[in-house]
Amino acid sequence: MRWSNALIPTQKESPTDAVAPSHILLLRAGMIRQLGAGAYSYLPLGMRVLHKAAKIVRDEMDAAGALELLMPALQPVEIWQESGRHGHMGGILMEFTLGADRHVVLGPTHEEAVTDIVRDLIKSYRQLPVTLYQIQTKFRNEPRPRFGILRTREFVMKDAYSFGANLEQLNAAYDTMYEAYCRIFDRCGFPYVAVEAESGPIGGDSSHEFMVPCATGEDVVVQCVESGYAANRERAEIGKIAWPAPSVADAPPFVAVPTPGRKTIQEVCKFLKTPENQTAKLLVFLADGQPVAALIRGDHEANEGKIRRAFKATVLEPADQAAVEKATGAPMGFLGPVGIKIPMVIDQSVAAMPAVVVGGNAMDVHLTGVVPGRDFPLDHVGDFRNAVEGDPCPRSGLAMTVGQGIEIGHVFKLGTKYSDAMGATFLDDKGLSHSLIMGCYGIGVNRILAAAVEASHDENGIIWPLNLAPYDVIVVPLQLQNEAVMQLADGLAKDFEAAGLDVLIDDREGRPGVKFKDADLIGIPLRIVIGERGLKEGTVEVKWRTDSAAHNVAAATAGETILAEVVAAREALATKAAERRAARAAARSGEQ
RNA sequence: CGGGGCGUAGCGCAGCCUGGUAGCGCGCCUGCCUUGGGAGCAGGAGGUCGUGGGUUCGAAUCCCGCCGCCCCGACCA
């Protein structure tokens, strides 16, 4: 491809709107263009990357035995009513009416559509297990699209759905998809980590998210380097924190102090000149409608999932002011554990404090010097908060780290939620009817682009991984009017293309600096510069985007020399991927 | 949905306070010149100043409404 025909509108300056590195660089490199909030066009260069990402995904899905199909984005609302999800999608469902009364939705995901197919077409255990997948555009009315293509209202997703006759088949499909995801992200060259995520109805380790660590990521990942434990903060467990028996003997009794108008932890701490980690907050929730409380250290965040499970509730929601006062008799902002009547769980970090500042359960009063175990009972102590940096790992007990990440994939054991709701059943070998057991597996294909740029760029631009780059090599002739230069450039380009490489020739008029800057910006892995100066010495210049310096090779044999370098680079990638596969296999057999 | 910010040429911005011919840089077109890290000179094209109303002899500028976009937060089956 010649640059002069390629529509690559690079820009020197970035729009002020863009904040995230991936957003800035994809715009500046002429790969994407915004049409509206959360709606982006993929320009030819960006489209090539999207295709490469999709091809890797498709290759590995096919290799894993999944069958590709294509389902419509436009769906009748009835299947959503049937599954029970209509009205429970938190406003992300895009719905409208066609004509007078045909009510339709744009699919945010396809459990309903695929279950509708399978309930009619799969009736026998002989047809199982089966995994179906598609690469297709999803629509979600995100309340706040952001960071360029990282979170959009319309995006390309690979979604796969497995159907099995029993748990063994589900687990096998899950493991197969998990391994396929690892291979996909290895091929993308990502420094990803698979983390435990909020689990579904089956429990256990039935859900994993694949994260690429980066500061722009919207998810928080908790990890232990020693044990390999990694989890989404929503899910991450915290190891045991010991708490001593209360030293009733030498501790003075607690004191009620006036704290007029100080409701938040920050206000109280500032007023009493107390650090936040010496206070505790009592949070009141409705667990399936019943008021319950959780006592969390002032500087910590409650984890609603952990609290919900502690009360064995299906739904846990924060109580509003009226419900709080009705349940505790105390005003919001001055709640505390002393004398509280409703069921209460206590985070282990609070139990471990010798004395604590808490609300006084009366207007404008807080209590100081409250001793856990003496002034309120430590009956239900446990792990009820989000992990923070340095918390002990649940496996090794060593300090864990906390970092941000971009979620690029998610594997999930669904069970029979949709097959039950929509009547997707099969007959077993005894003629008995059962619900199909499902799993679902998603990859955000455009997020692969965003994650790649976030994880791999420098001050000059994008550094595409070899397998995602829109072109493998850019050939840069410096003097267009010099025949020897142009002949060599065209000849090399032909050689590379014949060897199966994607080649871009920068045939634009203009000074070398412009071409070098653009080549760096759009992030092509390999740059070949052909100029009069080098030709005099009989050399052309080779520079890898990942290297800081260029090197010269003999012009006469440049084609084969450079192709050998490409082959070596690809082999190095493949070797690395193979090592990772072997490490995973070893870890799996170690577990058994 | 709450808080904050911004809408003037493809991109980055000035002009607005104090109303009076719409400007600068980049990019684009023509020519000259230059050619190993975003050169230089000359000439040119391109804007209903987000939108609707109001005030005024006159509105990019002042007032009111609406729309759009970005950031923080809430939300994220």
Side-chain angles (χ1 to χ4, degrees), chain A residues 7-20 23-24 27-30 33-40 43 80 83-93 105 107-112 138-148 150-153 155 159 197-198 200-201 207 209 216-220 232 234 301 304-305 315 317-318 407 410 412 414 417-418 421 440 442 444 459-461 476-482 485 506 508-522 527-537 539-541 543 548-550 552:
Chain A
L7 188 58
I8 305 173
T10 57
Q11 288 172 355
K12 255 197 261 189
E13 289 172 298
S14 54
T16 32
D17 279 353
V19 183
H23 190 193
I24 293 171
L27 282 171
R28 285 193 51 211
R33 185 181 160 88
Q34 184 176 30
L35 184 60
Y40 284 82
L43 300 179
W80 289 84
S83 73
R85 282 209 287 185
H86 185 247
H88 296 279
M89 295 295 288
I92 69 161
L93 199 59
V105 309
T109 171
H110 283 240
E111 281 83 1
E112 282 81 358
K138 299 284 181 277
F139 296 86
R140 295 184 186 182
N141 188 17
E142 292 289 348
R144 183 141 104 78
R146 59 183 133 182
F147 300 145
L150 209 51
R151 179 169 291 274
T152 53
R153 294 210 167 106
F155 57 96
D159 46 327
E198 267 303 321
S207 174
E209 290 166 343
T216 312
E218 297 181 286
D219 289 274
V220 179
N232 191 308
E234 291 170 3
E301 275 174 26
E304 293 188 16
V315 179
E317 52 187 348
E407 181 190 345
H410 195 169
F412 202 94
L414 277 175
K417 178 178 173 183
Y418 297 94
C440 67
E459 66 281 1
N460 293 316
V476 186
L478 293 184
Q479 294 84 18
L480 300 189
Q481 68 290 347
N482 180 315
V485 167
D506 192 348
R508 295 174 299 173
E509 293 286 350
R511 297 165 63 86
V514 175
K515 299 184 172 195
F516 296 153
K517 287 286 185 190
D518 271 348
D520 285 349
L521 178 60
I522 68 174
R527 188 187 77 193
I528 311 300
V529 176
I530 299 151
E532 287 172 345
R533 204 175 75 186
L535 282 196
K536 257 183 216 156
E537 316 287 323
T539 63
V540 301
E541 181 197 275
K543 180 174 180 303
S548 53
N552 291 327

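Each chain gets a letter, A, B and so on, in the order the sequences are listed, and its residues count up from 1.
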Roughly how many Å apart are [M] and [N], using the [atom1] atom of each and rounding to a whole number?
N	M	atom1	answer
B:G38	B:G52	P	45 Å
B:G37	B:G73	C1'	43 Å
B:A59	B:G3	P	34 Å
B:A45	B:C29	C1'	7 Å
B:C13	B:G58	C1'	27 Å
B:G20	B:A39	C1'	41 Å
B:G54	B:U61	P	14 Å
B:G25	B:C41	P	10 Å

Identify which nucleotide among [options] has an atom closest to any side-chain atom of [X], counting heavy atoms from C-beta outward.
X	options	answer
A:V19	B:G38, B:C71, B:G10	B:C71
A:Q34	B:G38, B:C69, B:C71	B:C69
A:E13	B:A77, B:A39, B:C11	B:C11
A:P143	B:G25, B:A74, B:C70	B:A74
A:R146	B:G10, B:C72, B:C76	B:C72
A:A37	B:C70, B:C71, B:C76	B:C70
A:Q11	B:C11, B:G37, B:C13	B:C11

Please compare A:G36 and A:T109 by the position of their nearest nucleotide in RNA chain B and report the one closer to 5'. A:G36
Could you say whether A:G513 or A:P108 is positioned toward the 5' end of RNA chain B, judged by the nucleotide with the nearest heavy atom to each? A:G513
Rounded to whole Å, how long is the line connecting atom [atom1] of [X] with atom [atom2] of [N]?
X	N	atom1	atom2	result
A:R140	B:A77	CZ	C1'	8 Å
A:R508	B:G37	CZ	C1'	13 Å
A:D159	B:A77	CG	P	16 Å
A:D17	B:C71	CG	C1'	10 Å

Taking any heavy-atom pair under 4.0 Å as a contact, classify A:G91: base, sugar-phosphate, or nothing. nothing
Base, sugar-phosphate or nothing for A:F147? Non-hydrogen atoms, less than 4.0 Å. sugar-phosphate
Would one find a side-chain N or O of A:S14 under 4.0 angstrom from OP1 or OP2 of B:C11? no
Mark yes or no for a side-chain to base donor-acceptor pair under 3.5 Å between A:R28 and B:G12, with no hydrogen or angle criteria applied. no
Can you tell me whether the side chain of A:R144 and the base of B:G2 have a donor-acceptor pair closer than 3.5 Å? no
Validate the cation-pi geometry between A:R140 and A:F155: distance from NZ or CZ to the six-membered ring centre under 6.0 Å, angle to the ring axis within 45°. no
Under 3.5 Å, N/O pairs linking protein and nucleotides 27-35 of chain B:
unit_1: B:U34; atom_1: O2'; unit_2: A:R511; atom_2: NH1; d: 3.2
unit_1: B:U34; atom_1: O2; unit_2: A:R511; atom_2: NH1; d: 3.3
unit_1: B:U35; atom_1: O2; unit_2: A:G510; atom_2: O; d: 3.2

Test: A:K417 and A:E111 ion pair at under 4.0 Å: no
